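Note sheet for the following structure.
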Amino acid sequence: MCAPTTLNLNNNDTPPETRRVIIAGAGPSGLLLQALLHRRNKSPNARVNYDVTMIESRPDLGQLDKEELKAYRSWMIGLAGHGLE
């Protein structure tokens, strides 16, 4: 991905633009993209804020019991701050 956009050096205090993003799939790449866009939103110099919506076709895997969960392949992902810097 490209580097976060920053404000112009001419002290332009315009509010950041908001862009709506839809991520289809909460697999490894969808989760990583959501985390990176969320990180960009926290940047004090960002010219763009991202309003992210994730769409997943599978049911909420956290609500299934052990037998129901066997029918799905799930990704056990933990994102830490040091992995994003």
Side-chain angles (χ1 to χ4, degrees):
M1 294 188 62
C2 29
T5 56
T6 57
L7 290 174
N8 296 333
L9 297 177
N10 61 3
N11 293 330
N12 187 359
D13 290 333
T14 60
E17 173 188 351
T18 298
R19 293 186 185 168
R20 296 194 70 210
V21 177
I22 297 175
I23 301 173
S29 58
L31 293 174
L32 181 59
L33 178 58
Q34 189 277 333
L36 292 173
L37 292 176
H38 182 69
R39 178 177 172 217
R40 284 188 179 187
N41 285 346
K42 291 183 174 183
S43 173
N45 297 328
R47 291 189 306 176
V48 178
N49 280 335
Y50 297 95
D51 178 16
V52 179
T53 302
M54 293 192 79
I55 299 173
E56 176 59 53
S57 63
R58 297 180 299 177
D60 183 1
L61 298 180
Q63 302 297 319
L64 302 177
D65 65 23
K66 193 172 186 177
E67 289 301 315
E68 293 172 322
L69 191 59
K70 288 182 182 179
Y72 296 94
R73 176 178 61 174
S74 65
W75 301 95
M76 303 306 280
I77 295 180
L79 295 176
H82 69 275
L84 297 175
E85 295 174 2

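All figures in this text were calculated on a predicted structure; none of them were measured in a lab.
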Contact summary for Y50 and V21, nearest pair of heavy atoms: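 What the structure gives for the nearest pair is CD2-CG2, 3.7 Å.
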Taking all non-hydrogen atoms of both residues into account, name the closest pair between A46 and P16 and its distance.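 Reported closest heavy-atom pair: O-CB, 3.7 Å.
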Only counting residues at least two apart or in another chain, list the ones meeting side chain to side chain contact (heavy atoms under 4.5 Å, CB included) with T18.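 N49, D51.
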Taking side chain as C-beta onward, heavy atoms only, is L31 less than 4.5 Å from M54?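 Side chain of L31 against side chain of M54, heavy atoms only: contact under 4.5 Å found.
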